[in-house]
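The structure under discussion appears below in the form of structure tokens.
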Amino acid sequence: MKLTIQGINDRQPIPERFAFGVPGDGEPMATGPNRNPALTWEGAPENTKSYAILVVDPDVPEDASDANQSGKMLPADLKRRNFYHWVLVDIPVNTSAIEEGADSDGVTPHGKEPGPSELGLRGINSFTDFLAGDPDMEGTYGGYDGPCPPWNDERMHHYHFTVYALDVESLGLNGEFTGIEAEKALQDHVLDKATVTGTYTLNPALR
């Protein structure tokens, strides 16, 4: 399979229009355009019955208590975990593209609804947990929400956009399922996959 993402070249920086967080005017961070990029894919096996998309950043600090704190830095060797930015499954087999902005066009405080959509079945992304406790932003975040790494992180973040060709029409997921649950469900059904990896940072020393 081959995946093409308009505006994102493999191993190259992700444009700010696809980001949840961007450099602020006189402040380290502000909310960004947060548009999902346009994806097109081709070359799936003939017996493909549906697709799934996951966007994962494996560079998020496991302990984020010092994230975005003035006077503190997150060392590059800090223990890391996966952060899911897009969880979309049960994409119909006759779909081979998703338009820019079709699943996200701006930051939505308290999140977008998970569940059935015109594109497929939306899971919840990791902003659901990350923003818990923030009265202005907490909620259930379905669909795409883009990069927003801590501006005091010494590590460059990598965002793996992966399209999976699956041998089932549906993974049988429902409710507020997570990226971890989606990965477990698709594990035995992957016929092929394609990945494009983009980079992003809000640390001025790394930009």
Side-chain angles (χ1 to χ4, degrees), residues 5 8 13-24 27-37 39 52-69 74 78-89 91 98 100-117 119-153 155-162 173-185 197-203:
I5 304 181
I8 302 177
I14 294 173
E16 290 181 3
R17 72 178 186 273
F18 303 136
F20 187 103
V22 298
E27 56 185 350
M29 183 175 65
T31 54
N34 200 42
R35 292 172 63 83
N36 71 272
L39 280 65
I53 294 172
L54 294 177
V55 179
V56 185
D57 170 13
D59 298 313
V60 171
E62 194 168 274
D63 179 1
S65 56
D66 287 339
N68 302 322
Q69 299 295 314
L74 300 173
L78 201 64
K79 191 172 182 181
R80 307 287 165 151
R81 64 179 177 88
N82 284 344
F83 190 106
Y84 296 85
H85 285 264
W86 200 1
V87 182
L88 186 66
V89 304
I91 301 170
I98 293 177
E100 180 176 323
D103 196 54
S104 181
D105 187 11
V107 172
T108 304
H110 311 296
K112 300 182 291 293
E113 287 291 326
S117 74
L119 303 176
L121 184 65
R122 281 174 162 177
I124 63 172
N125 65 53
S126 296
F127 283 98
T128 302
D129 295 326
F130 186 75
L131 294 173
D134 181 340
D136 296 324
M137 297 296 290
E138 67 180 352
T140 301
Y141 283 74
Y144 175 89
D145 284 297
C148 189
W151 51 260
N152 61 338
D153 197 345
R155 180 184 291 198
M156 178 67 72
H157 285 233
H158 298 78
Y159 298 81
H160 303 282
F161 291 74
T162 303
L173 295 166
N174 54 64
E176 297 179 2
F177 63 92
T178 65
I180 293 174
E181 291 170 323
E183 282 186 325
K184 289 180 180 178
T197 299
T199 63
Y200 196 78
T201 181
L202 288 170
N203 184 342

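Just so it is clear, the structure is predicted and the values come from calculations on it, not from any experiment.
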From [X] [atom1] over to [Y] [atom2], what is the distance, rounded to the nearest 0.5 angstrom?
X	Y	atom1	atom2	value
Arg35	Glu100	CZ	CD	4.5 Å
Leu39	Phe161	CG	CZ	7.0 Å
Tyr144	Asp105	OH	CG	11.5 Å

pair [X]-[Y]: side-chain heavy atoms closer than 4.5 Å:
X	Y	value
Leu121	Phe177	yes
Ile14	Pro37	no
Ile124	Tyr141	no
Glu181	Val87	no
Thr140	Pro114	yes
Pro23	Leu202	yes
Asp153	Pro61	yes

Quiz prompt | From Phe127, Phe20, Tyr200, residue fulfilling ring-ring contact (aromatic ring centres under 6.0 Å, His included) relative to Phe83 | solution =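 Filter result, single survivor: Phe127.
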Practice problem: Let me know which of Asn34, Asn36, Thr108 forms a side-chain hydrogen bond (donor to acceptor under 3.5 Å, both in side chains) with Asp145. | Solution: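 Single side-chain hydrogen bond (donor to acceptor under 3.5 Å, both in side chains) partner of Asp145 among Asn34, Asn36, Thr108: Asn34.
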Quiz item: Which of these passes side-chain hydrogen bond (donor to acceptor under 3.5 Å, both in side chains) with Asp59: Arg155, Arg80, His157?
Solution: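 Going through Arg155, Arg80, His157 one by one, the side-chain hydrogen bond (donor to acceptor under 3.5 Å, both in side chains) with Asp59 is satisfied by Arg155 alone.
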Ignoring hydrogens, what is the shortest heavy-atom contact between [X] and [Y]? Give both atom names and the distance.
X	Y	value
Gly133	Pro135	O-CD, 3.3 Å
Cys148	Met29	SG-SD, 3.5 Å
Leu74	Ala67	CD1-CA, 4.0 Å
Asp136	Pro109	O-CB, 3.8 Å

Self-check item: side-chain contact (heavy atoms from CB on, under 4.5 Å) partner of Leu88, chosen from Val55, Leu54, Ile98
Solution: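 That would be Ile98; it is the only one of Val55, Leu54, Ile98 passing the side-chain contact (heavy atoms from CB on, under 4.5 Å) with Leu88.
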Quiz item: Any side-chain donor paired with an acceptor under 3.5 Å for Ser65 and Asp63?
Solution: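 Yes, because at least one side-chain N or O of Ser65 sits under 3.5 Å from a partner of the opposite role on Asp63.
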Ignoring hydrogens and geometry, is there a side-chain-to-backbone donor-acceptor pair from [X] to [Y] under 3.5 Å?
X	Y	value
His110	Glu138	yes
Asn152	Asn68	yes
Asn125	Gly143	yes

Quiz item: What do you reckon, is CD of Gln69 surrounded by more than 12 foreign heavy atoms closer than 6.0 Å?
Solution: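 Result for CD/Gln69: enclosed.
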Practice problem: Return the set of residues passing ring-ring contact (aromatic ring centres under 6.0 Å, His included) with Tyr159 (not counting sequence neighbours), or none when no residue passes. | Solution: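 So Tyr159 forms a ring-ring contact (aromatic ring centres under 6.0 Å, His included) with His85.
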Exercise. Could you tell me whether Arg122 and Asp103 make a salt bridge, using a distance below 4.0 angstrom between a side-chain N and a carboxylate O?
Key: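 Looking at Asp103 together with Arg122, the answer is yes, because their closest N to O distance falls below 4.0 Å.
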